[in-house]
Amino acid sequence: MRIEQYIENKKRKQDGPICAYLYDLGQLRNHVRIIKSSLPAFCRLFYAVKANPDPRILGTLAPLVDGFEVASGGELEKVKSPVLFGAPAKKQVEIEKAIDAGVEAMNIESFHDLNRIEWLSKQKEVVTPIMIRVNLSRDVPESHHMMSGVPTQFGVDERDVPMIIQKAQQMSHVSVEGFHFHAMSNNLKAEAHLQFVSMCLEKAKSWRDRFGLDIRTVDVGGGIGINYWNPEDKFDWDTFASGLHKLEPQMDGLTLVLELGRFMTAASGSYVTEVIDVKANHDHHFALIRGGTHHLRLPAAWKMSHPFRIHPVEEWELPYERPGVTKAEVTIAGELCTPNDVLVKSEYVEELRAGDVVIFDYAGAYAWTISHHEFLSHPEPEFIYLDEKH
Ligand SMILES: *Cc1c(COP(=O)(O)O)cnc(C)c1O
């Protein structure tokens, strides 16, 4: 079943107003297979669960990826191994749960983190594999959210890395397995991402050599982006993958871990809603939809217009005038009583009328789960899973 078919069925049954998330699991499966098969053998592909923890998405990904990256006890419960656990503000119960689950490695985000993990591992008489999450000193170019190179709550300051390595080396219940460098967000440039990966690799090797570490893994996190402003002009995955192959001589037997979130699932989800009203106000056109930023907060959070397309519905059987707008700029707003409930700001449309359906693509990551569902107590959207088997 396709999105258009779903809309036609709902309209035929007069089962509206339409408001749904549609996840295309067939698309997801194909996309991830292509990503995975393009990677060199020294790369492992992990999925960052926070991008979309929907159980059907996790189930679709499980046989295709090398593992999951989780950042809370709740996420840990949703996936099977292999798992990498990293989170700022880890609670004792989460650390214990992660140790008991036998995670492949745990991120160390501070000296206190290191002390706690050593102590709890000692209580449990285990040695916990750790990765030191580094907050790089230099700014990372091309990143949408600054997570490194500027003061943030994430990771260990690069200048403190030698000290934390030495502390870890004196401990008996942690073993340093590698370094973790998640520092990019929504990067759209393959060349910049390759430079970042190469820089991480060199830094990890220099600490390895200086301190005689027996590390295995260099984890470069996620951060490969989606071009919401111009979806045709995508991150060039082929350039990135072939650039990774060229790193082979630099790898020295190390494994490179990618933890992709947004790039993995964003294109598999669409948020589909019906226009309830269209009007003009202070010379601006507004279309009001069923739903809004309490279902899809991403455009409001990033102060952008979310990419959209219109599915026109010709039927109008009501005895009064159908409101609409033609050949004009329109702002698409939701059903909440706040001026911030805007998904599209002044974009040109050929025509948009009450009863038409707006499709917001690229809503498969950081969409439903980052939204404030309870605000205004409107019903939740439907969740529909499209799947053309294999
Ligand atoms: C959020 C996150 C990711 C995924 O980031 P994307 O930008 O969605 O690819 C990977 N690793 C860590 C540690 C994260 O916090």
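Start at 1 and go down the list; that is how both ligands and their atoms are numbered. Note that this is a predicted model, so its numbers are computed, not measured. Numbers here are sequence positions counted from 1.
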(message) So, regarding Ala51 and ligand 1 (criterion: nitrogen or oxygen to nitrogen or oxygen, under 3.5 Å), is there a contact or not?
(response) no

(message) Looking at His180 and Gly178, would you say the former's side chain and the latter's main chain have a donor-acceptor pair under 3.5 Å?
(response) no

(request) Determine, for Lys11 against Glu274, whether the closest basic-nitrogen to carboxylate-oxygen distance falls under 4.0 angstrom. (result) yes

(message) Any nitrogen or oxygen of Ser185 lying under 3.5 Å from a nitrogen or oxygen in ligand 1? Just yes or no.
(response) no

(request) May I ask you to list the atoms of ligand 1 that are less than 4.0 angstrom from any heavy atom of His180? (result) 13 (C)

(message) Closer than 4.0 angstrom, basic N to acidic O: yes or no for Arg133 and Asp219?
(response) no

(request) Check whether any side-chain N or O of Asp341 sits under 3.5 Å from a backbone N or O of Ala333 as a donor-acceptor pair, and report yes or no. (result) no

(message) Using a 4.0 Å cutoff against the non-hydrogen atoms of Gly261, which atoms of ligand 1 qualify?
(response) 4 (C), 6 (P), 8 (O), 9 (O)

(message) Check Glu75 with Lys78, please: is the shortest side-chain N to carboxylate O separation under 4.0 Å?
(response) no

(request) Say whether Met184 and ligand 1 are in contact under the criterion: heavy-atom distance to a ligand atom below 4.0 Å. (result) no

(request) For ligand 1, find out whether one of its N or O atoms is nearer than 3.5 Å to an N or O atom of Lys50. (result) yes

(message) I'd like to check the salt bridge (Lys or Arg N to Asp or Glu O under 4.0 Å) partners of Glu118; sequence neighbours left out, ordered by chain and number.
(response) none

(request) Check each of Gly223, Ala266, Ala365 against atom 9 (O) of ligand 1 and report the one with the nearest heavy atom. (result) Gly223

(request) Say whether Gln123 and His173, considering side chains only, have a donor N or O and an acceptor N or O under 3.5 Å apart. (result) no

(request) Number the atoms of ligand 1 from 1 as they appear, then name those within less than 4.0 Å of a heavy atom of Arg262, with their elements. (result) 6 (P), 8 (O), 9 (O)

(message) If the contact criterion is a heavy-atom separation under 4.0 Å, does Tyr366 count as touching ligand 1?
(response) yes

(request) For ligand 1, note which part of His182 has a heavy atom under 4.0 Å away: side chain, backbone, both or neither. (result) side chain

(request) Indicate yes or no: does Arg29 engage Asp387 in a salt bridge with an N to O separation below 4.0 Å. (result) yes

(request) Would you mind telling me if ligand 1 is within reach of the side chain of Glu69, the backbone, both or neither, using heavy atoms under 4.0 Å? (result) side chain

(message) Just to verify, what does Tyr228 make a ring pair (Phe, Tyr, Trp, His ring centres under 6.0 Å) with, not counting sequence neighbours?
(response) Trp302, His306

(request) Examine Arg133 against ligand 1 and note whether any of their N/O atoms are separated by less than 3.5 Å. (result) no

(request) Any atoms of ligand 1 less than 4.0 Å from a non-hydrogen atom of Ala48? List them with their elements. (result) 3 (C), 4 (C), 10 (C)

